[in-house]
Amino acid sequence: MSALQPLKLVARIDLNSFLSMNINQRVATIAECFARNPKKILGLALVLSILAGLATAQLPVHTSRQALLPQNTAVAGRFNDFLKNFGAASDLIVVLEGAPRNELESFANDLAARLRPEPEIGQATSRLDIAFFLDHAYLLMPPEGLDKLAAIAGQPSLINGGLEESLLKALSWSKGSSPLGGTDIDLKTAETSLNMAAFFLEEWLRWLSSESVPEGVDWNSLLVKNGAGGMNDGYFTSRDGRMLFLFVHPKNPSGDFENLGPFVDKVKHISAELAEQAKASGRTPPTLGLSGLPAIEYEEYVNLRKDMVLVTLTSACLVAALILLVVRSLRWAALIFIPMGLGVLWSLGLALLTVGHLNMITAAFIAILFGLGADYGIFTSSRIAEERRAGKSLIKAIGVGVGSSFTAVLTAGGASLLIFSVLATVDFPGFAELGVIAALGVLMILISTWMVQPALYVLLPPKLSDTSALAKPSFSVGTRKSIAAFPMPVALVLVIIAISGAVFGGFKGSAIQFDYDVLAMLPKDSQAAYYQQRMVEESDYQAEVIVFTAKDLPEARRITSEAGNLKTIAQVQSLTNLFPVDADQRLQKAVSIGEAFSRTDSAKQIAGLTESGLSVKSFELLQALLQNSASVIDEAQEQAFSTGHSNLVESLEEVRGQLSAISDKLTTEGEQGRVRSESFLRALLSEADTGLKIIDSWRQAQPLLPNQLPLALRDRFFAADGSIAVYAFPAKTVYDPANLDALISDVYSVSPDATGFPTTHQEFAKAVVESFTHGTQLALGLCLLWVMAATRSMRGFALAALPLLIGGGWMLGIMALAGMSYNYANIVALPLVIALAVDYGVWFSYRWNELKSHTPLQVSLNVGKTIGLAAGTSLAGLGAITLASYRGVSSLGLSITIGLVCCLTATLVVAPAIGQLLDFKRKP
């Protein structure tokens with residue numbers, strides 16, 4: 001069939017007579033022409049539908065948040081540059097808990113090893129390579145630490161003669177002079193020494209009190225006390241060490257689901273498989289959870305996809321069922337539903353040619369479009385039914401019905417088209433793309449209604465008896481007076497109350513808060529949100545990381561230092577400490593320290609102590625030394641108190657309590673206490689032996705270069721173009737606007753080139769709120785201007801616009817009183833309500849002018865079923881949306897539902913009273 005066939009059909013109309021007609025008559029003539037050639041029109045519609053279906057099948061859904069971020073901003077440019085140089089900015093975080101610490105560590109190591117070879121995985125890091133850092137500890141230690149090591153290497157061993165002789169010397173000293181007398185020690189060194197003493201005493205007490213012998217010294221507790229928790233043995237942990245974090249970097253940095261889905265699925269599959277293997281082998285598998293931005297985006301898409309399939313099918317079924325229930329005719333239901341469905345399909349096909357994709361917002365709009373699109377078919381078919389019942393032939397009734405309803409449908413549809421077109425002009429891509437796709441949807445549904453419905457009506461004409469469902473009701477003389485109108489005082493009071501409620505609602509609605517928390521839009525049982533919130537509360541890590549990039553090491557050092565001093569930053573990850581300014585001097589000193597220790601017999605003495613253990617005699621001396629400790633601590637406390645060092649007094653009191661507890665425990669336990677103390681001694685000696693071996697390796701130390709770093713570190717911190725990354729974890733959640741603004745202000749004071757999710761999220765939030773404000777105001781203004789131009793009278797404009805404005809005010813008031821807040825999804829509810837509900841007032845206004853012989857309440861009853869069915873189809877679609885598990889979508893459905901119910905009530909109840917006041921000379 002030729003694509004020009006409809007034009008050829010129209011061309012058959014007599015041109016001169018056609019031009020002399022008014023617009024309604026011209027439309028009626030065209031509709032009659034379509035009705036006389038139904039097969040050709042429906043054949044063309046079928047061809048367009050097939051093409052649109054093929055295009056829709058190729059329409060991608062962009063799930064990445066980047067797809068919603070304005071790309072013409074400096075923030076987006078910096079973020080995209082980082083992705084190009086370093087790959088993905090956010091890691092998938094596997095959280096492990098609920099098992100003994102050794103099981104958690106073993107599982108994390110095994111999982112990382114299993115993940116690394118997979119093609120979807122870029123990196124899998126369960127821990128930092130502590131051996132590498134210890135081998136290069138001379139680069140990380142403060143200069144005074146190296147000096148102390150050098151001094152120790154040059155002194156005779158403090159344990160010459162064995163443990164027993166050393167304990168005798170210590171016991172003799174404890175009975176002698178004051179411990180602080182004659183010493184020259186600064187306050188900071190004293191505090192550090194006491195903290196170390198308290199740590200070792202606490203560990204000793206733990207070894208004495210544990211049911212079984214501990215596996216090793218708990219260095220993590222020392223790190224926690226010194227503000228460096230979460231890095232025991234290189235593992236990434238919560239502050240209490242009960243949660244371990246495994247960071248998995250994707251190979252492909254794209255956030256689209258075609259890459260994100262296989263990546264997350266692979267991690268989930270291997271994690272579950274490894275947990276089953278651990279369980280089968282008798283080990284305790286940890287509880288596993290996924291968090292981080294990849295997990296959040298994965299959950300968003302999976303839930304949205306599931307919700308949209310459910311919602312779209314449910315919406316279509318509910319709309320069809322409602323139409324069928326009200327009109328009670330399969331044919332009539334088909335006349336309304338098929339043109340609407342074809343219009344939606346055509347709009348999706350055009351979306352591929354215009355926007356090129358759907359995003360998380362536009363994908364959710366399809367269900368709303370079903371409800372909106374049905375309105376036009378309902379209005380048109382109800383007028384055709386009236387003309388048929390008036391005695392006109394089928395073709396003539398179609399023409400007159402379409403022609404007489406054209407202006408009203410065009411006014412309502414044009415207003416929606418303008419509103420969505422305005423949204424297409426805002427900066428926020430999510431709203432802009434929604435505007436384009438929604439405007440195309442309205443346009444295609446209008447075209448389909450005017451073109452397909454006349455042709456379809458001829459082939460499937462409802463029985464004349466069935467057309468009573470939406471036809472005008474008959475009113476007897478007896479009933480006319482009883483339902484004539486409101487008493488004028490009642491009408492006046494009703495309108496005043498309605499308008500006052502709308503003004504109050506608008507005032508209250510202006511104070512509705514915006515919820516910046518993206519996690520709050522996820523399903524209630526979201527695993528990603530649960531663990532992300534726990535990470536913020538219980539660790540120094542979170543998914544939303546700030547990224548600084550430096551062009552060279554000096555700049556990276558400056559950024560690391562300044563960012564580490566910010567109160568808004570919990571932790572900074574940087575490798576600049578491995579490349580200090582004085583690296584050459586440190587290297588020389590490390591070599592000399594290693595050579596000096598190699599000349600001592602410290603390693604031999606440690607081996608001897610390990611072999612001899614804690615003898616009975618040494619144990620007795622140790623107990624005696626502990627008993628003398630009270631007087632030593634008392635004297636030290638007196639000196640500290642007299643010099644005003646209250647912190648030292650408190651630290652000494654803590655040490656005193658620990659010494660007393662250990663002494664009591666050793667006395668009570670007897671031989672068991674000696675055995676446990678010997679095990680603790682051997683553990684400490686083993687750690688000392690490891691330290692000596694590391695220091696011995698310094699003799700062969702060489703200058704460190706970036707390309708000598710472990711692969712995981714090099715790829716994460718150094719890009720191919722020479723730029724260096726510094727990562728900073730925020731101290732508080734970035735989903736609180738005050739926290740986010742303070743963080744970004746601090747971050748940009750360090751480097752205006754900083755990037756990462758918090759920076760894009762701030763830009764994202766601003767774009768959403770500004771676009772909503774600008775788009776809603778402009779959309780409402782243009783909508784009202786369009787309705788005014790179309791109605792061409794103040795009375796007609798008031799009847800068409802006031803129900804919308806009153807209903808919108810009520811909607812805002814109800815939302816405010818219910819404590820609802822805006823989020824990134826439902827903030828678009830108000831402009832959508834304007835687009836969806838403008839139909840009601842427009843149709844009432846046009847029918848008011850047409851039914852001049854009817855009383856106000858009769859007009860309301862006449863149009864009530866038609867408007868009610870139109871609203872019902874929208875509410876059916878939105879009712880399905882409220883079922884969505886993704887709370888962002890369900891909150892959108894709830895907000896629009898409130899708005900439509902308010903506008904429907906204002907139209908059917910308040911509009912007749914408005915009509916009475918404006919048209920008080922109208923006779924019953």
Side-chain angles (χ1 to χ4, degrees), residues 64-66 69 71 73-93 122-123 125 128 236 245 247-250 252-255 291-294 296-297 518 532 535-536 540-566 568-577 706 709 712-735 739-765:
S64 171
R65 291 186 183 177
Q66 278 296 98
L69 184 68
Q71 296 300 304
T73 63
V75 171
R78 292 197 300 271
F79 190 71
N80 291 330
D81 288 342
F82 175 82
L83 293 179
K84 183 170 61 178
N85 289 329
F86 288 90
S90 302
D91 291 329
L92 178 68
I93 303 172
Q123 299 171 17
T125 308
L128 292 178
F236 307 97
F245 308 121
F247 293 88
V248 187
H249 208 62
N252 191 316
S254 171
S291 189
L293 288 180
I296 291 171
E297 292 185 353
V518 174
Q532 173 57 20
M535 286 181 69
V536 173
D540 291 333
Y541 303 100
Q542 57 173 298
E544 294 80 9
V545 61
I546 289 286
V547 183
F548 298 95
T549 53
K551 61 181 182 296
D552 51 32
L553 278 169
E555 185 182 5
R557 292 190 194 101
R558 178 191 66 79
I559 290 173
T560 301
S561 174
E562 294 181 10
N565 292 327
L566 297 176
T568 52
I569 297 296
Q571 184 180 128
V572 176
Q573 286 186 349
S574 170
L575 295 186
T576 54
N577 286 346
L709 293 170
L713 292 177
R714 187 174 70 242
D715 290 347
R716 179 172 174 79
F717 290 93
F718 289 88
D721 66 352
S723 57
I724 304 167
V726 177
Y727 300 90
F729 292 92
K732 299 179 181 179
T733 176
V734 300
Y735 296 121
N739 293 344
L740 181 61
D741 290 344
L743 171 69
I744 299 303
S745 176
D746 284 350
V747 163
Y748 284 156
S749 70
V750 173
S751 172
D753 295 328
T755 185
F757 175 80
T759 64
T760 60
H761 181 61
Q762 186 190 50
E763 191 78 12
F764 178 89

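Note that the coordinates shown come from a computational prediction; the quantities given were computed from them, not determined experimentally.
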State the [atom1]-[atom2] distance between [X] and [Y], to the nearest 0.5 angstrom.
X: R78; Y: L83; atom1: CZ; atom2: CG; value: 13.0 Å
X: F757; Y: F79; atom1: CZ; atom2: CZ; value: 9.0 Å
X: L575; Y: R557; atom1: CG; atom2: CZ; value: 12.0 Å

Of all the heavy-atom pairs spanning [X] and [Y], show the shortest one and how long it is.
X: L566; Y: V747; result: CD1-N, 4.4 Å
X: T759; Y: A754; result: CG2-O, 4.1 Å
X: S751; Y: I559; result: CB-CD1, 4.3 Å
X: I569; Y: A563; result: CB-O, 3.7 Å
X: S90; Y: P294; result: O-CG, 3.8 Å
X: R714; Y: P706; result: CD-O, 3.6 Å

query = Can you check whether T755 reaches F548 side chain to side chain, under 4.5 Å on heavy atoms?
reply = no
task = Report the C-alpha separation of H761 and Y735 in whole Å, then their side-chain angles, then the decisive distance to 0.1 Å, and conclude whether the side chain to side chain contact (heavy atoms under 4.5 Å, CB included) test is met.
result = CA-CA 9 Å; H761 181 61; Y735 296 121; 3.6 Å; yes
query = Got a donor-acceptor contact below 3.5 angstrom from the S291 side chain to the Q532 backbone?
reply = yes
query = Do R558 side-chain atoms and L553 backbone N/O form a donor-acceptor pair below 3.5 Å?
reply =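 No; judged by distance alone, with no hydrogens or angles, the pair does not exist.
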Enumerate, atom names and distances included, each donor-acceptor pair closer than 3.5 Å involving a side-chain atom of residues 739-746, sequence neighbours excluded.
residue, atom, partner, partner atom, Å
N739, ND2, T733, O, 3.3
D741, OD1, Q762, NE2, 3.0
D746, OD2, T568, OG1, 2.9

request  = Check the pair K84, D81 against side chain to side chain contact (heavy atoms under 4.5 Å, CB included), reporting the backbone distance first and the verdict last.
outcome  = CA-CA 5 Å; K84 183 170 61 178; D81 288 342; 4.2 Å; yes
ask   = Where does the angle between the aromatic ring planes of F86 and F82 fall among parallel (under 30°), tilted (30 to 60°) and perpendicular (over 60°)?
value = parallel
Got a list of side-chain donor-acceptor pairs under 3.5 Å for residues 715-730, not counting sequence neighbours?
residue, atom, partner, partner atom, Å
R716, NH1, D91, OD2, 3.3
R716, NH2, Q573, OE1, 3.3
D721, OD1, S723, N, 3.0
D721, OD1, S723, OG, 2.7
D721, OD2, N85, ND2, 3.3
Y727, OH, R716, O, 2.6

